[in-house]
Participant: 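What follows is a structure written as structure tokens; I'll ask about it next.
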There are 2 protein chains.
Amino acid sequence: MNIGEAARLSGLSAKMIRYYEEIGLIVPDRTPGSQYRVYGTHDLHRLGFIRRARDLGFSVEQMRTLLALWQDRDRASADVKAVALAHIAELERKQAAIAAMTKTLKDLVSACHGDARPDCPIIEDFAAGP
Amino acid sequence: MNIGEAARLSGLSAKMIRYYEEIGLIVPDRTPGSQYRVYGTHDLHRLGFIRRARDLGFSVEQMRTLLALWQDRDRASADVKAVALAHIAELERKQAAIAAMTKTLKDLVSACHGDARPDCPIIEDFAAGP
DNA sequence: TCTTGACCTTCCCATGATGGGAAGCCCTAT
DNA sequence: ATAGGGCTTCCCATCATGGGAAGGTCAAGA
């Protein structure tokens with residue numbers, strides 16, 4: 001099948017599939033005459049893997065590692081788990097940062113009348129020196 | 001003062017201060033001869049405001065809005081609150097997305113032995129079709 | 001058989017916020 | 001006067017993604 005159908009079936013955009021090829025994640029065959037990309041069942045399976053990993057927030061480099069581990073039938077499951085754990089740690093780091101911002105903002109928001117008057121603890125907080 | 005000291009005092013990098021100038025958030029005076037940027041107390045105050053807003057995750061466009069509201073002594077506190085609430089909503093959206101990824105990953109990780117054997121529920125999940 | 005329209009190709013550019021680095025100017029202390 | 005540190009502008013890179021232009025390919029219908 002061509003890239004359009006592969007995109008539809010995988011849920012990735014054709015743009016991104018070409019990008020993933022450019023960086024070596026998936027390299028399909030080409031039709032001899034037209035140079036159209038041709039995706040077979042194997043490629044489609046690989047695209048599905050990429051899609052799933054991407055939706056779970058893995059970086060392109062992590063996906064590269066995971067794809068290699070997938071292909072390596074003798075890898076230790078510990079190797080896969082390590083990649084997943086590293087990603088979880090990163091997600092939790094981001095989550096903590098967001099939670100801290102949210103908490104501060106909610107405190108400020110709850111102190112603000114939110115009416116037509118100009119005095120506002122939010123702005124005042126921002127304007128207060130360190 | 002010059003940009004280096006302004007950077008030190010505000011906690012922003014000189015690079016970023018120049019960038020904020022380029023996009024019109026803060027425009028300092030220049031020394032007539034040398035074209036060095038010169039930051040006064042007013043500028044420093046503004047940089048502090050930017051720093052605080054940035055650390056709370058506001059986008060540059062939101063900072064632009066907030067700076068304008070700060071300068072406008074007649075704004076309604078509701079206007080400020082609306083910006084903050086919109087940002088909180090965005091943070092919570094991101095937080096929910098991260099939490100969903102984290103949950104899925106943790107489930108997969110807990111199902112994975114993480115030893116020397118090759119069978120791994122994580123990879124298997126990724127490889128499973130939609 | 002020819003045309004039309006949908007699809008494909010490559011190439012360039014943009015995003016947002018940030019950093020790196022080069023080439024060259026300015027100022028101050030020795 | 002010279003050295004060194006700070007400043008300037010300019011260009012490039014990140015990461016994953018989308019937009020769009022110019023042009024090639026293919027299949028279906030007249």
Side-chain angles (χ1 to χ4, degrees), chain A residues 1-40 43 47 49-67 86-87 90-91 93-94 97-98 101, chain B residues 1-40 43 47 49-67 86-87 90-91 93-94 97-98 101:
Chain A
M1 75 187 65
N2 287 340
I3 198 172
E5 196 177 351
R8 252 169 269 128
L9 291 176
S10 67
L12 298 166
S13 70
K15 278 275 190 194
M16 285 315 298
I17 294 178
R18 287 193 201 97
Y19 171 68
Y20 293 143
E21 175 178 350
E22 192 187 320
I23 63 177
L25 291 196
I26 177 165
V27 182
D29 288 341
R30 299 283 184 131
T31 55
S34 72
Q35 289 299 90
Y36 278 21
R37 291 167 176 86
V38 177
Y39 298 86
D43 296 313
L47 288 174
F49 187 104
I50 291 173
R51 168 79 199 278
R52 177 75 171 142
R54 192 202 60 172
D55 285 355
L56 287 172
F58 285 96
S59 72
V60 160
E61 284 317 306
Q62 285 172 321
M63 291 197 287
R64 194 191 304 281
T65 303
L66 290 169
L67 284 165
H87 183 39
E90 177 65 12
L91 289 174
R93 203 190 52 75
K94 281 186 193 168
I98 290 178
M101 294 183 209
Chain B
M1 72 190 66
N2 288 341
I3 199 171
E5 196 177 353
R8 251 168 271 128
L9 292 176
S10 67
L12 298 166
S13 69
K15 278 271 190 197
M16 285 316 298
I17 294 177
R18 288 194 201 97
Y19 171 67
Y20 294 142
E21 175 179 350
E22 192 186 320
I23 63 177
L25 291 195
I26 176 163
V27 182
D29 288 341
R30 301 282 184 133
T31 54
S34 72
Q35 289 299 92
Y36 278 20
R37 291 167 176 85
V38 177
Y39 298 86
D43 296 314
L47 288 174
F49 187 102
I50 290 172
R51 168 81 199 277
R52 177 74 172 144
R54 193 202 60 171
D55 285 355
L56 288 172
F58 284 96
S59 71
V60 160
E61 284 318 305
Q62 285 172 321
M63 291 196 287
R64 193 191 305 280
T65 303
L66 290 170
L67 284 165
H87 182 40
E90 178 66 11
L91 288 174
R93 204 189 51 76
K94 281 186 191 167
I98 290 178
M101 294 183 210

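These values consider heavy atoms only, across backbone and side chains, with no hydrogens, waters or symmetry-generated copies. To find a chain, count down the sequence lines: A is the first, B the second, and so on, and within it residues start at 1.
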Participant: Per the end-axis method with five pairs at each terminus, what is the bend angle of the helix from dT1(C)-dA30(D) to dT30(C)-dA1(D), to 10°?
Facilitator: 30°
Participant: Restricting to non-hydrogen atoms, name the atom on Leu67(B) and the atom on Phe49(B) that form the minimum distance, rounded to 0.1 Å.
Facilitator: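 Distance-wise, the nearest heavy atoms are CD2-CD2, 3.4 Å.
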Participant: Enumerate the salt bridge (Lys or Arg N to Asp or Glu O under 4.0 Å) contacts for residues 1-20 of chain B, please, sequence neighbours excluded, ordered by first and then second residue.
Facilitator: none
Participant: Separation of Glu21(A) atom CD from dC11(C) atom P, in whole Å?
Facilitator: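 That distance rounds to 12 Å.
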Participant: Could you give the CD1-to-C1' distance, from Ile17(A) to dT9(C), as a whole number of Å?
Facilitator: 15 Å
Participant: In whole angstrom, give the distance that lies between atom CG of Asp29(A) and atom P of dT9(C).
Facilitator: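 For the pair Asp29(A) CG and dT9(C) P, the rounded distance is 13 Å.
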Participant: Does Gln62(B) offer a backbone N or O that forms a donor-acceptor pair with the side chain of His87(B) under 3.5 Å?
Facilitator: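 Between the backbone of Gln62(B) and the side chain of His87(B) there is no qualifying donor-acceptor contact (under 3.5 Å).
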Participant: So how far is it from Leu12(B) CG to Ile50(B) CD1, rounded to the nearest 0.5 Å?
Facilitator: 7.0 Å
Participant: I'd like a table of atom pairs between the protein and nucleotides 22-25 of chain D - only N or O on both sides, under 3.5 Å - with the distance next to each one.
Facilitator:
from	atom 1	to	atom 2	distance (Å)
dG24(D)	N2	Tyr36(A)	OH	2.7
dT25(D)	O4'	Tyr36(A)	OH	3.3
dT25(D)	O2	Tyr36(A)	OH	3.3

Participant: For the residue pair Met63(A) and Tyr20(A), establish whether any side-chain heavy-atom pair is separated by less than 4.5 Å.
Facilitator: yes
Participant: Pick base, sugar-phosphate or nothing for Arg37(B), based on heavy-atom distances below 4.0 Å to the nucleic acid.
Facilitator: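 Sugar-phosphate: the residue Arg37(B), judged by heavy atoms under 4.0 Å, touches backbone atoms but no base.
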Participant: Can you tell if the side chain of Tyr39(A) reaches within under 4.5 Å of the side chain of Asn2(A), non-hydrogen atoms only?
Facilitator: no
Participant: Just how far is it from atom CG of Leu47(B) to atom CD1 of Ile17(B), taken to the nearest 0.5 Å?
Facilitator: 5.0 Å
Participant: If I take atom CZ in residue Arg8(A) and atom C1' in nucleotide dC8(C), what distance separates them, rounded to the nearest angstrom?
Facilitator: 12 Å
Participant: Rounded to whole Å, how long is the line connecting atom CE of Met1(B) with atom C1' of dC27(C)?
Facilitator: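 Rounded to whole Å, this separation is 18 Å.
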Participant: When the side chains of residues 22-35 of chain B are checked against the rest of the protein, which donor-acceptor pairs come out under 3.5 Å, sequence neighbours left out?
Facilitator:
from	atom 1	to	atom 2	distance (Å)
Arg30(B)	NH1	Gln35(B)	O	2.8
Arg30(B)	NH2	Glu21(B)	OE2	3.4
Thr31(B)	OG1	Ser34(B)	OG	2.5
Thr31(B)	OG1	Gln35(B)	N	3.4
Thr31(B)	OG1	Tyr36(B)	N	3.2
Ser34(B)	OG	Tyr36(B)	N	3.1

Participant: To the nearest Å, how far apart are Glu22(A) CD and dC12(C) P?
Facilitator: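 It is 12 Å, rounded to the nearest whole Å.
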Participant: Rounded to the nearest 0.5 Å, what separates atom CE in Met1(A) from atom CG in Leu9(A)?
Facilitator: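 Between atom CE of Met1(A) and atom CG of Leu9(A) there are 5.5 Å.
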Participant: Just grab all the salt bridge (Lys or Arg N to Asp or Glu O under 4.0 Å) pairs involving residues 52-63 of chain A, residues at least two apart or on different chains.
Facilitator: Arg51(A)-Asp55(A), Arg52(A)-Asp125(B), Glu61(A)-Arg64(A)
Participant: Nearest-Å distance, CG (Leu12(A)) to P (dT17(D))?
Facilitator: 8 Å
Participant: Sequence neighbours left out, what passes side-chain hydrogen bond (donor to acceptor under 3.5 Å, both in side chains) with Ser13(B)? Give chain and number order.
Facilitator: none
Participant: Reading nucleotides 14-24 of chain C from the 5' end, what letters show protein touch, with B for base, S for backbone sugar-phosphate only, - for no heavy atom under 4.0 Å?
Facilitator: ---BBSBB---
Participant: Please report, rounded to the nearest Å, how far the C1' atom of dT9(C) is from the CD1 atom of Ile3(A).
Facilitator: 10 Å
